[in-house]
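Right, one structure below, let's go through it.
Heavy-atom basis, side chains included; hydrogens, waters and symmetry copies ignored.
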Amino acid sequence: MAEKAPFSSSVPSINLIGIFREAIRTPARNGRLMLQTMLLVVCPCTLLVLLHHLFAAPLMEKIEDNYNKSMVHWEDLRALLVIEAPFLLGFWVVSVFGITITIYAAAISYTRRSVSLKDLLSSIQWKKPLITSLYVSFIPIVYAILVIGLIKSINLISKEDAGEAWRGLIAVMAALLYISLTSVSTLGLVVSVMDDECYGAKALEKAVKLSRGRKIQGFFLMLILELLSIPIYILFYVASSSDDDDGDEVGAVTDFGFEFIATILFCLVNMFSYVVFSVFYSECKKNSGEGIEMGIGHGYSLAPTKLQEKVEA
């Protein structure tokens, strides 16, 4: 049974910079647990990337070469789908696993608790983040379909020059709205991990409720985190789009090295994102006057922060 750590509504809120400052400090408060968590996040992901590079990358290169020669073979496409399906499932499972343990470890470290990795893993209710992540996964798909449909509609009803202007405006507005939606869905994942019996659509609704009055702060948190990820996406693109027509083994090893480094950086930035939103979740709960729920083995509860103890004193 999870216990709640009461927060006083009189505790002052921290600003955007303060949340990032707390997120940077949080891993140092329980360095051993956060290091173990980092290894559990990075190792499975890099292993999957290695296996994908070995099994799927050669077939993808073959299909790309045949496409450039207008000689696409459906057998190759079917084989690629058969290979990619288990990898997509594997990446999703590893992603949810990493997100969940990162949120739990960050919440424990943020409140200066000392908990073993074994206790942390045994206390997690895996069903909640798994179900919530399915809901979250559908958001960008549905959103992309709606945006593409809107742009296509504008192309049909507007002139060429006006259409360009409208498409540009819609693209900017869609990007801004997507960042806002991503902020809420990320907070919803944190809610699904931290709150008892709150997952799926209920967790997303709770995230919307918690972020009332702090939506702009959540938006800028996600915007900054997305900007931090751009160099990593560029590194992935460079590694995946480089040509190796001569079969140069050194070039192939270099490409994989870039991909390997980009994967590690991606995992670390993703971890940091959920540490940031775990701190943001704590601040939202504090503002709403709710306690943070967490059950971590027998006898554990989530202690109030030093700031809370000072206010109560």
Side-chain angles (χ1 to χ4, degrees), residues 2 19-20 22-23 26 34 37-38 40-42 44-45 88-111 120-121 123-143 177-212 214-215 217-226 228-229 266-286 288 290 292-296 302:
I19 289 177
F20 276 106
E22 286 297 316
T26 292
M34 292 303 293
T37 301
M38 182 188 72
L40 279 178
V41 171
V42 172
C45 191
L88 287 174
L89 178 62
F91 278 117
W92 177 71
V93 171
V94 167
S95 175
V96 175
F97 173 79
I99 289 168
T100 304
I101 63 173
T102 297
I103 292 169
Y104 247 89
I108 292 166
S109 301
Y110 181 61
T111 53
L120 183 146
L121 293 174
S123 65
I124 295 175
Q125 301 177 43
W126 297 102
K127 179 185 77 171
K128 298 193 300 173
L130 281 169
I131 293 175
T132 307
S133 66
L134 287 174
Y135 279 81
V136 170
S137 298
F138 281 112
I139 291 175
I141 297 173
V142 174
Y143 187 72
L177 181 57
Y178 179 74
I179 291 173
S180 182
L181 289 173
T182 305
S183 171
V184 173
S185 62
T186 302
L187 185 60
L189 280 170
V190 178
V191 170
S192 71
V193 174
M194 297 295 296
D195 285 20
D196 279 341
E197 301 303 321
C198 190
Y199 55 90
K202 188 177 179 181
L204 296 175
E205 291 173 6
K206 183 70 174 289
V208 172
K209 179 182 176 182
L210 283 176
S211 61
R212 284 175 185 167
R214 307 194 71 160
K215 284 186 172 65
Q217 190 177 56
F219 171 84
F220 279 105
L221 286 174
M222 183 55 65
L223 177 62
I224 293 170
L225 292 169
E226 289 291 341
L228 287 175
S229 302
F266 176 80
C267 291
L268 295 178
V269 170
N270 200 41
M271 278 189 67
F272 181 66
S273 299
Y274 283 97
V275 173
V276 168
F277 270 84
S278 295
V279 176
F280 182 55
Y281 164 85
S282 301
E283 290 300 307
C284 290
K285 293 280 277 190
K286 188 191 301 180
S288 66
E290 299 181 36
I292 298 178
E293 303 171 358
M294 181 179 287
I296 312 172
L302 195 63

Discussion item. So for atom CZ, which belongs to Phe91, do other residues, nucleotides or ligands contribute more than 12 heavy atoms lying within a distance under 6.0 Å?
Written reply: yes

Discussion item. I'd like to know whether Trp92 forms a side-chain contact (heavy atoms from CB on, under 4.5 Å) with Val96, so could you lay out the CA-CA distance, the side-chain angles of the two residues, the decisive distance to 0.1 Å, and finally the verdict.
Written reply: CA-CA 6 Å; Trp92 177 71; Val96 175; 3.8 Å; yes

Discussion item. Looking at Phe266, I want to see if its CZ is surrounded by more than 12 non-hydrogen atoms of other residues, nucleotides or ligands under 6.0 Å.
Written reply: no

Worksheet item: Step by step, would you call Asp195 with Lys285 a side-chain contact (heavy atoms from CB on, under 4.5 Å)?
Response: CA-CA 11 Å; Asp195 285 20; Lys285 293 280 277 190; 3.5 Å; yes

Item to complete: Please test Val276 against Ile19 for side-chain contact (heavy atoms from CB on, under 4.5 Å), starting from the C-alpha separation and ending with a verdict.
Response: CA-CA 7 Å; Val276 168; Ile19 289 177; 4.0 Å; yes

Fill in: Straight-line distance of Cys284 SG to Gln217 CD, nearest 0.5 Å
7.0 Å

Discussion item. Nearest 0.5 angstrom please: Ser211 OG to Leu221 CG, how far?
Written reply: 11.5 Å

Discussion item. Donor-acceptor pair, distance only, cut-off 3.5 Å: does the side chain of Thr132 make one with the backbone of Pro129?
Written reply: no

Worksheet item: Looking at Phe280 versus Phe277, is the centre-to-centre ring distance below 6.0 Å?
Response: yes

Worksheet item: Going by heavy atoms in the side chains, are Ile101 and Leu121 under 4.5 Å from each other?
Response: yes

Discussion item. Looking at Ser183 and Gly218, would you say the former's side chain and the latter's main chain have a donor-acceptor pair under 3.5 Å?
Written reply: yes

Fill in: Validation row: Gln125, Glu197 side chains within 4.5 angstrom (heavy atoms)
yes

Discussion item. With a 3.5 Å distance limit and no angle check, can you tell me whether Thr186 reaches the backbone of Thr182 through a side-chain donor-acceptor pair?
Written reply: yes

Fill in: Heavy-atom side-chain proximity of Tyr281 to Ile103 below 4.5 angstrom
no

Worksheet entry | OH on Tyr104 to CD1 on Ile99, rounded to 0.5 Å | 15.5 Å

Discussion item. Nearest 0.5 Å, please: how far is OG in Ser123 from CD1 in Ile108?
Written reply: 6.5 Å

Discussion item. Check whether Lys215 reaches the backbone of Ser180 with its side chain - one donor and one acceptor, N or O, closer than 3.5 Å.
Written reply: no

Item to complete: Please tell me if the side chains of Ser278 and Tyr110 come closer than 4.5 Å, counting only heavy atoms from C-beta onward.
Response: no

Worksheet item: Are the side chains of Phe272 and Thr26 in touch, meaning some heavy atoms are under 4.5 Å apart?
Response: no

Discussion item. With rounding to the nearest 0.5 angstrom, report the OG to CG distance, Ser282 to Leu210.
Written reply: 10.5 Å

Discussion item. Check this for me: Tyr274, atom OH, are more than 12 non-hydrogen atoms of other residues, nucleotides or ligands nearer than 6.0 Å?
Written reply: yes

Practice prompt. Check whether any side-chain heavy atom of Val269 sits under 4.5 Å from a side-chain heavy atom of Leu225, and report yes or no.
Written response: no

Worksheet item: Got a second to check how far Ile179's CD1 is from Met222's CE, nearest 0.5 Å?
Response: 9.0 Å

Discussion item. I'd like to know if the side chain of Ser133 and the backbone of Leu130 have a donor-acceptor N/O pair within less than 3.5 Å.
Written reply: yes

Discussion item. Please find the pair of heavy atoms, one from Val275 and one from Met34, that lie closest to each other, and give the distance.
Written reply: CG2-CE, 4.2 Å

Discussion item. Looking at Tyr178, I'd like to know if its OH atom is crowded, meaning that more than 12 non-hydrogen atoms belonging to other residues, nucleotides or ligands lie closer than 6.0 Å.
Written reply: no

Fill in: Glu205 and Lys202 ion-paired at < 4.0 Å
no

Fill in: Heavy-atom pair with the smallest gap, counting every atom of Met194 and Ala107
CE-CB, 3.6 Å

Worksheet entry | Heavy-atom pair with the smallest gap, counting every atom of Ser192 and Lys128 | O-CE, 3.0 Å

Worksheet, complete the sentence: Cys267 and Val42 have their tightest heavy-atom pair at CB-CG2, 3.9 Å

Worksheet item: Are the side chains of Phe97 and Trp126 in touch, meaning some heavy atoms are under 4.5 Å apart?
Response: yes

Discussion item. If you compare all heavy atoms of Ala207 against all heavy atoms of Leu187, which two are closest, and at what distance to 0.1 Å?
Written reply: O-CD2, 3.6 Å

Worksheet item: Which pair of heavy atoms, one from Gly188 and one from Leu204, lies closest together, and at what distance?
Response: CA-CD2, 4.2 Å

